[in-house]
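Beneath this line is the structure, given in structure tokens, with notes to follow.
Order of the sequence lines sets the chain letters (A, B, ...), proteins ahead of strands, with each chain counted from 1.
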Number of protein chains: 2
Amino acid sequence: MKVYTVLLVDDEKRMLDLLELYLAPKGYHCVKCESGVAAIRYLENNKADLVLLDVMMPEMDGWETCKQIREFSNVPIIMVTARGETTDVVQGLKIGADDYITKPFDESELLARIEAVLRRSVGKQAKLEFNGLVWDEAQHKVQYAGHDIFLTPKEFAILGLFLKNPNRVFSREQLIVTLWGYNANTEERTVDSHVKNIREKLRQAGFPIDQFLQTVWGVGYKWGG
Amino acid sequence: MKVYTVLLVDDEKRMLDLLELYLAPKGYHCVKCESGVAAIRYLENNKADLVLLDVMMPEMDGWETCKQIREFSNVPIIMVTARGETTDVVQGLKIGADDYITKPFDESELLARIEAVLRRSVGKQAKLEFNGLVWDEAQHKVQYAGHDIFLTPKEFAILGLFLKNPNRVFSREQLIVTLWGYNANTEERTVDSHVKNIREKLRQAGFPIDQFLQTVWGVGYKWGG
DNA sequence: GATGGATTTCAATAAATTGTAACAGTTGAG
DNA sequence: CTCAACTGTTACAATTTATTGAAATCCATC
């Protein structure tokens with residue numbers, strides 16, 4: 001069974017411990033952050049399956065943190081609000097949070113919501129947008145400026161991986177393991193070929209691809225702004 | 001007996017609880033959302049048999065929510081309006097709602113309307129039209145440019161699924177599970193045969209089928225404009 | 001149980017993608 | 001500036017996938 005990584009974000013250490021106390025015994029791997037900035041830094045370099053994000057925090061509040069996370073990640077986010085806090089929940093859900101829960105909550109409610117959000121996010125087919133470039137899994141289609149860009153399955157998968165992990169550098173080896181599988185027996189040069197084709201097709205469509213799909217010399221490739 | 005899932009959408013928690021109090025004892029499975037955005041997100045990833053949608057909500061009102069839901073789903077929708085609210089109900093029903101009910105309502109009226117809408121929707125047979133191509137479930141008939149196109153039952157079902165889900169790519173596996181059933185033991189190539197026959201017959205009738213029923217190489221087929 | 005249409009399978013062919021190897025071009029450390 | 005290592009490009013071979021027609025099977029109906 002898959003172990004889910006949950007990122008807990010709250011300025012109160014005590015609350016973090018309480019959340020972990022609820023989640024760890026259920027098999028969730030918990031990572032704790034005491035500020036929005038720390039959470040963003042974590043997510044930029046690591047993967048999480050879910051974020052539990054407190055709204056009321058000093059420096060940078062939960063909504064702002066949520067907004068910034070959404071600029072580079074589609075990780076499911078559950079907002080944690082205190083009863084009586086006069087925050088506009090609807091506004092928050094619009095920013096991109098997936099659900100919210102009100103403190104104080106009991107263990108079963110917390111777990112139920114987490115499971116619901118995870119279940120929803122697992123089956124969800126991604127639809128990503130980046131500077132006008134749309135990558136739609138359900139339609140298996142890439143669009144820019146209104147017209148379709150025809151990509152082969154491999155090209156489509158590679159582009160999707162980059163879009164899902166902006167700014168992260170992938171070595172050719174990593175790309176092969178992720179997209180071809182562990183026991184694939186593929187030359188690293190093959191990745192170059194696909195990258196070349198992706199660049200060509202997107203450039204053709206007028207998308208400033210060279211600005212985004214970048215070569216990191218001696219390491220691999222990354223999608224960066 | 002089938003358990004119906006009802007999606008309740010209202011910005012007031014109290015109203016959601018009240019509705020659930022009425023519906024849950026009658027065997028309806030209730031899902032509650034506090035905003036139109038949350039409701040749309042839910043429906044994009046989950047199934048519901050009915051939506052009870054409050055008109056007066058901040059941010060995105062019920063009509064707008066209804067309109068957006070209709071862009072991807074045919075789920076029956078009952079609008080909930082407050083007495084005295086000066087909304088144009090006729091206008092709303094045109095948008096695609098199936099019925100409406102005025103607050104305050106009593107339990108029996110609510111239940112009666114829900115049952116009526118569900119009964120109607122269950123018996124409802126689709127009739128779709130696409131660029132002059134008419135697919136009529138009640139008559140089990142397909143027409144183009146005035147004359148009938150004779151399709152076998154399987155062909156008819158496949159075409160119907162595509163018309164009901166424009167732009168969505170179906171893998172052969174998905175088509176088999178959806179139209180043959182989970183435990184069907186059918187070769188994937190069989191789908192190709194049916195697709196070939198559908199294409200042949202529609203092409204024969206003069207319909208520009210190749211523009212619509214498209215092969216998505218390495219993935220499956222889709223109905224796209 | 002024979003008939004005829006519907007459905008499914010199969011195999012040959014066609015088409016497209018993917019992988020490879022060779023080489024040219026580029027980069028950056030020393 | 002030089003060189004070794006890395007990256008980009010190209011053409012083609014290998015592989016995978018789609019299409020098609022024909023044959024086999026299924027199945028309701030007479």
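The side chain of A:Trp217 places no N or O atom within less than 4.0 Å of a non-bridging phosphate oxygen (OP1 or OP2) of D:dA5. Side-chain nitrogen and oxygen atoms of A:Thr215 include none within less than 4.0 Å of the OP1 or OP2 phosphate oxygen of D:dT7. Side-chain nitrogen and oxygen atoms of A:His194 include none within less than 4.0 Å of the OP1 or OP2 phosphate oxygen of C:dT17. For C:dG19, the OP1/OP2 oxygens have no side-chain nitrogen or oxygen of A:Arg189 closer than 4.0 Å. In terms of phosphate contacts, B:Tyr221 brings a side-chain nitrogen or oxygen within less than 4.0 Å of OP1 or OP2 of D:dT19. For D:dT7, one of the phosphate oxygens OP1 or OP2 lies less than 4.0 angstrom from a side-chain nitrogen or oxygen of A:Arg172. At C:dG19, one or more side-chain N or O atoms of A:Trp180 fall inside 4.0 Å of OP1 or OP2 (strictly under the cut-off).
Note on ring orientation: taking the six-membered ring where Trp is involved, the planes of A:Tyr144 and A:Phe207 are perpendicular (angle over 60°, cut-offs 30° and 60°). Between B:Phe130 and B:Phe212, the two ring planes are perpendicular [angle over 60°; tilted spans 30° to 60°].
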- Query: Could you go step by step and tell me if A:Phe156 and A:His140 meet the ring-ring contact (aromatic ring centres under 6.0 Å, His included) rule?
  - Reply: CA-CA 8 Å; A:Phe156 187 79; A:His140 210 272; 4.0 Å; yes
- Message: Please evaluate residues B:Glu137 and B:Lys127 with respect to the criterion salt bridge (charged side-chain N to carboxylate O under 4.0 Å, His left out), reporting the C-alpha separation (whole Å), side-chain torsions for both, the decisive distance (0.1 Å), and the verdict.
- Response: CA-CA 6 Å; B:Glu137 189 163 38; B:Lys127 182 169 180 175; over 6 Å; no
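For the residue pair B:Thr215 and B:Arg199, a side-chain donor N or O sits within less than 3.5 Å of a side-chain acceptor on the partner.
With rounding to whole Å, B:Leu151 atom CG is found 14 Å from C:dT7 atom C1'. Protein atom NE2 of A:His140 is 14 Å distant from nucleotide atom C1' of D:dT17, rounded to whole Å. D:dT16 atom C1' lies 15 Å from atom CD of A:Glu155, rounded to whole Å. Here C:dT20 presents its P atom at 11 Å from NZ of A:Lys154, a figure rounded to the nearest Å. Rounding to whole angstrom units, CD1 of residue A:Ile158 and C1' of C:dT18 are separated by 10 Å. If you measure from atom CG of B:Asn185 to atom C1' of D:dC26, you get 15 Å, rounded to the nearest angstrom. Following rounding to the nearest Å, B:Lys196 (NZ) and C:dT8 (P) show an atom-to-atom distance of 14 Å. For the pair B:Leu179 CG and C:dT7 C1', the computed distance is 14 Å after rounding to whole Å.
Within the nucleic acid shown, A:Val216 comes within 4.0 Å of sugar-phosphate atoms alone, with no base atom in reach, counting heavy atoms only. As judged by a 4.0 angstrom heavy-atom cut-off over every strand, B:Asn197 is placed among residues making no nucleic acid contact. Across all strands shown, A:Val219 has heavy atoms under 4.0 Å from sugar-phosphate atoms exclusively, and none from any base.
Residue order along DNA chain C, read from the 5' end via each residue's closest nucleotide, puts B:Glu188 first among B:Glu188 and A:Pro153. Of the two residues contacting DNA chain D, namely A:Ser193 and A:Gly220, the nearest-nucleotide position lying further toward the 5' end is that of A:Gly220.
In the set D:dG8, C:dT7, C:dT20, C:dT20 carries the atom at the smallest distance from any side-chain atom of A:Glu187. Minimum atom distance to the side chain of A:Asp192 is reached by D:dT9, of the listed C:dT18, D:dT9, D:dG21. Here the nucleotide nearest the side chain of B:Glu200, chosen from C:dT7, D:dG21, C:dT9, is D:dG21.
Aromatic ring centres of A:Tyr22 and A:Tyr28: separated by at least 6.0 Å.
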